[in-house]
There are 2 protein chains.
Amino acid sequence: MNEILEQALLYDFYGELLTAHQKNIYEQFVLEDLSLSEIAEDAGISRQGVHDLIKRCNKTLEGYESKLHLVERFLSIKEKVHRMNTLLEEKEKISTEELIREIKGISSEILEEL
Amino acid sequence: MNEILEQALLYDFYGELLTAHQKNIYEQFVLEDLSLSEIAEDAGISRQGVHDLIKRCNKTLEGYESKLHLVERFLSIKEKVHRMNTLLEEKEKISTEELIREIKGISSEILEEL
């Protein structure tokens, strides 16, 4: 996964645990794709200050994930539901019986993770 | 949902954010179902101390959920997968076409939440 996507995902899960100031700066960088200089000018802090804050936020968010693994759990479920969807989209490729058996198998796998 | 089940669920999601001491006491109460007096004796603290610690842990865990809503997100997905499973278990009740349409609908609903 590319870094920005990973940061956005971590932010989606744990962002509410950052302070309002951190969220404001981090969103501009990760979600709105502004440059460090643009954010610095707008916030009235140095470019280095913005850089450090974002680095600290990354560390905080990664810390939560390394303890809770909730992004990992969600992504694993997502992958399985996508697999199910693909089977349903291409349902003419296999027999209906087989399709239903496959879907049942995947849905049991998901329930084990929930 | 009954209180102990809710506490166990919150602990499953956010427990790693408690301290080792808090986890130790909280697990004995919520997961091992020991009484306050038993825990107090074993830990060498007062019954009131155990009571306060558990109350504080509940508050901390509920605080995480009120910010992140991840238990809520998981439960909503779980309910949908169960719905899917029930349809598959009782597949003779509706036509195969209808079954596949229903399953597709639910799997899209789940993907929207992921």
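Proteins come first, then strands; the chains are lettered A, B, ... in the order of their sequence lines, and each starts at number 1.
- For B:I110, the part sitting under 4.5 Å from any heavy atom of chain A is the side chain, from C-beta outward, and nothing else.
- Contact annotation for B:T96: only side-chain heavy atoms (C-beta onward) come within less than 4.5 Å of a heavy atom of chain A.
- Taking 4.5 Å as the limit, some side-chain heavy atom of A:F74 sits within range of a side-chain heavy atom of B:L114.
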Can B:Y14 and A:K67 be said to form a side-chain contact (heavy atoms from CB on, under 4.5 Å), step by step?
CA-CA 9 Å; B:Y14 306 118; A:K67 284 187 172 170; over 6 Å; no
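- Nearest approach of A:V81 to B:S107, heavy atoms of both residues: CG1-O, 3.6 Å.
- A:R101 contributes atom CZ, which lies 12.5 Å from atom CG of B:L88 (distance to the nearest 0.5 angstrom).
- The number of heavy atoms from other shown groups lying within 6.0 Å of CD (B:E92) is above 12.
- Taking A:H82, A:K104, A:M84 one by one and counting their heavy-atom pairs under 4.5 Å with chain B, the maximum is reached by A:K104.
- Environment of CD in B:E89: crowded, with over 12 heavy atoms of neighbouring residues, nucleotides or ligands closer than 6.0 Å.
- B:L68 has its side chain out of reach of A:F13: every pair of non-hydrogen atoms, C-beta onward, lies at least 4.5 Å apart.
- When the heavy atoms of residues 29-57 of chain B are compared with those of chain A, none of the residues falls under 4.5 Å.
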Please lay out, stage by stage, how A:E16 and B:H69 fare under the test side-chain contact (heavy atoms from CB on, under 4.5 Å).
CA-CA 10 Å; A:E16 287 303 315; B:H69 307 286; over 6 Å; no
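- Using a 4.5 Å cut-off between heavy atoms, B:L75 does not touch chain A at all.
- Scanning all heavy atoms of the two residues, the minimum distance from B:K91 to A:I100 falls at CD-CG2, 3.7 Å.
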